[in-house]
Each structure stands twice: as structure tokens, then as C-alpha cells.
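This report concerns only the one structure given below.
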Amino acid sequence: MHLFELNQQLSVAQSLLAQLRDPDIQQDRWRFRHNLQRLGMLLAYELSKTLQYQSFPLHTSLGVAKAADLDQQPLLICVMRAGLPFYQGFSDVFDQADSGFIGAYRQAEQAGMDQDIFLGYSANPAIDGRDLVLIDPMLATGSSLLKVWRLLQQSGTPRSLHIAAAIAAPEGLALLQRELGSAAHFWIGAVDERLNEQAYIVPGLGDAGDLCFGDKG
Ligand SMILES: O=P(O)(O)OC[C@H]1O[C@H](OP(=O)(O)OP(=O)(O)O)[C@H](O)[C@@H]1O
Ligand SMILES: O=c1cc[nH]c(=O)[nH]1
């Protein structure tokens, strides 16, 4: 298992995370979404360092430069709703990637550790042999991402498996590490303290989907 946590080193990412968590700044929905997108770009760049590349000579107008590009495009899976702006950051970096989209939500009245996760809209390419990146800003209990993974698994075995989240709880990370095995790579903005009784991440940032798009009602 490989865990990369952006928070481990002081950088401008700290400021992004602080803005995402700040209840006053959260009032501006556009800024919240935009900051998730920027965080997605930073994590995508870090992840890109672990992928496979092919080198080739590039003939410029003045000579020959050593160049390299991905040997295959990754497959980005956006877990909606809250995944949309975060995914956009990954898509900006991996600008020729294939993408899949899955709707997932935790039922409000059943919120709690044993809540049910409902998967809705799903449109995904086959994952066999791909560098697969599951993208969701919040990894709380881990149940949503686990259910998404179980669904995708039906279409093959990826070459590599990456999980990206802005904020994760130790409980959810432990579940996914157990269920996905040692081959899974985690790309996280910050690993927080714990889950509360409603399975929200503490200190976390609140409900990411609602902060992006408003109450589900
Ligand atoms: O790790 P878990 O305990 O499964 O929780 C994480 C899930 O909760 C949030 O989605 P939510 O259900 O709030 O739906 P939304 O994105 O539509 O708001 C988040 O985007 C994750 O998908
Ligand atoms: O803290 C949490 C947990 C799940 N989903 C969120 O949006 N926030």
C-alpha cells in the first residue's frame, strides 16, 4: 500500500485545504468548487510521477529534444456529486484521459456507520489493464468507494489502482486498505482525526456535495 498525503509537507496546498475547511469561505460555492479543482490538479500531478512513460525524440525547429509521454492514458472515475469539481482538476492534468461517471449517495436518514450507499447513474469504460483512478473528495467510512470499486471490478482487473480524496478518515482508509489490498495507491490531501456518530469526518469540512451544489433536499 502506498499512501501519499499532501498535508505532510508545507506547501501552497495547505492554504487550499484551509480555505476548503473555513466555514466563512465555504459560503462562496464557486470558490469551494474551484479549490477542490485546484487540489485535484495538485494530487493528479503527484500521481502522474508514478505512471509509466515512453521516451521519444522530438524534432523542434532548432534541434532534437528528449521528450516523454504517458504510455497509456489513465482511466478517471468521477464519483458524483461531490466528485465533479475534484475530478475536473484531474481531467485538466490528464487532459486526454478516458473518464467514467458513477452517482453515489449516502441516505441522510440512515446516516451512521452502517448506512446504505446507493449507486445511481453509471457510465464507465472497461477497467481491464488500465491505470484506474477513483476520484471522490471525501473518504469517510469508505463504503461509497468500496461499492464503486465492487461495481467496476466486474469489468476486469486494472494495471494499477489509485484512490484520490481531498480529506480522508483513518477508519475509511483502513477499510479500503483491507478490502482493496496492498496494490492500491492512495492520494490524499489530508488524513483527519476520526469519524463522528453521523459518519462525518472530524474536523473535515462538512458535506462536500452540499457545499458544491446545495442541499439535496
Ligand atoms: O466514505 P463514505 O462514508 O461512503 O462517505 C463519502 C461519500 O459521501 C459524500 O457523498 P454524499 O453521499 O454526501 O453524496 P453527494 O456527493 O451527492 O453529496 C462523498 O462525496 C462520498 O461519496
Ligand atoms: O465528512 C463527510 C463525510 C461524508 N461526506 C461528506 O461530504 N463529508
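Computed from a predicted structure; not experimentally measured. Just follow the structure's listing: the first ligand is 1, and inside any ligand the first atom is 1.
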#### Entry: Numbered atoms of ligand 1 (with element) below 4.0 Å of Y105, judged on heavy atoms
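Those atoms are 12 (O), 14 (O).
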- Message: Applying a heavy-atom cut-off of 4.0 Å, say which part of T141 lies close to ligand 1: side chain, backbone, both or neither.
- Response: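 For T141, the contact with ligand 1 is made by both the backbone and the side chain.
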ask   = Side chain, backbone, both or neither: which part of A104 comes within less than 4.0 Å of ligand 1 when only heavy atoms are counted?
value =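 Under 4.0 Å from ligand 1, A104 contributes backbone atoms alone.
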So, is [X] polar-close to ligand 1, with some N/O to N/O distance under 3.5 Å?
{"X": "A140", "result": "yes"}
{"X": "A82", "result": "yes"}
{"X": "G142", "result": "yes"}
{"X": "S144", "result": "yes"}

### Task
Name the option, out of A140, G204, C212, that contains the heavy atom nearest to atom 3 (C) of ligand 2.
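Selected option, by shortest heavy-atom distance: A140.
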* Run down the list R106, E171, M80, R81 and name the one with the heavy atom closest to atom 8 (O) of ligand 1. =>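 It is R106 whose heavy atom sits nearest to atom 8 (O) of ligand 1.
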message: With heavy-atom distances below 4.0 Å as the criterion, list the atoms of ligand 2 near M138.
response: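 Near M138, the atoms of ligand 2 are 1 (O), 2 (C), 5 (N), 6 (C), 7 (O), 8 (N).
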Worksheet item: In terms of atom number and element, which parts of ligand 2 are under 4.0 angstrom from non-hydrogen atoms of G206?
Response: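 Once the distances to G206 are compared, the set is 1 (O), 2 (C), 6 (C), 7 (O), 8 (N).
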Q | Proximity flag P137 to ligand 2, non-hydrogen atoms under 4.0 Å | A |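 Judged by the 4.0 Å heavy-atom criterion, P137 does not count as contacting ligand 2.
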Decide whether the shortest distance between a heavy atom of K216 and an atom of ligand 1 is less than 4.0 Å.
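Yes, K216 has a heavy atom closer than 4.0 Å to ligand 1.
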Inset, instruction - Could you tell me whether ligand 1 has any atom less than 4.0 Å away from a heavy atom of S143? - result: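 Heavy atoms of S143 do come under 4.0 Å of ligand 1.
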Tell me whether R106 forms a cation-pi arrangement with Y200, defined as NZ or CZ under 6.0 Å from the six-membered ring centre and within 45 degrees of its axis.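 Yes, R106 sits over the ring of Y200.
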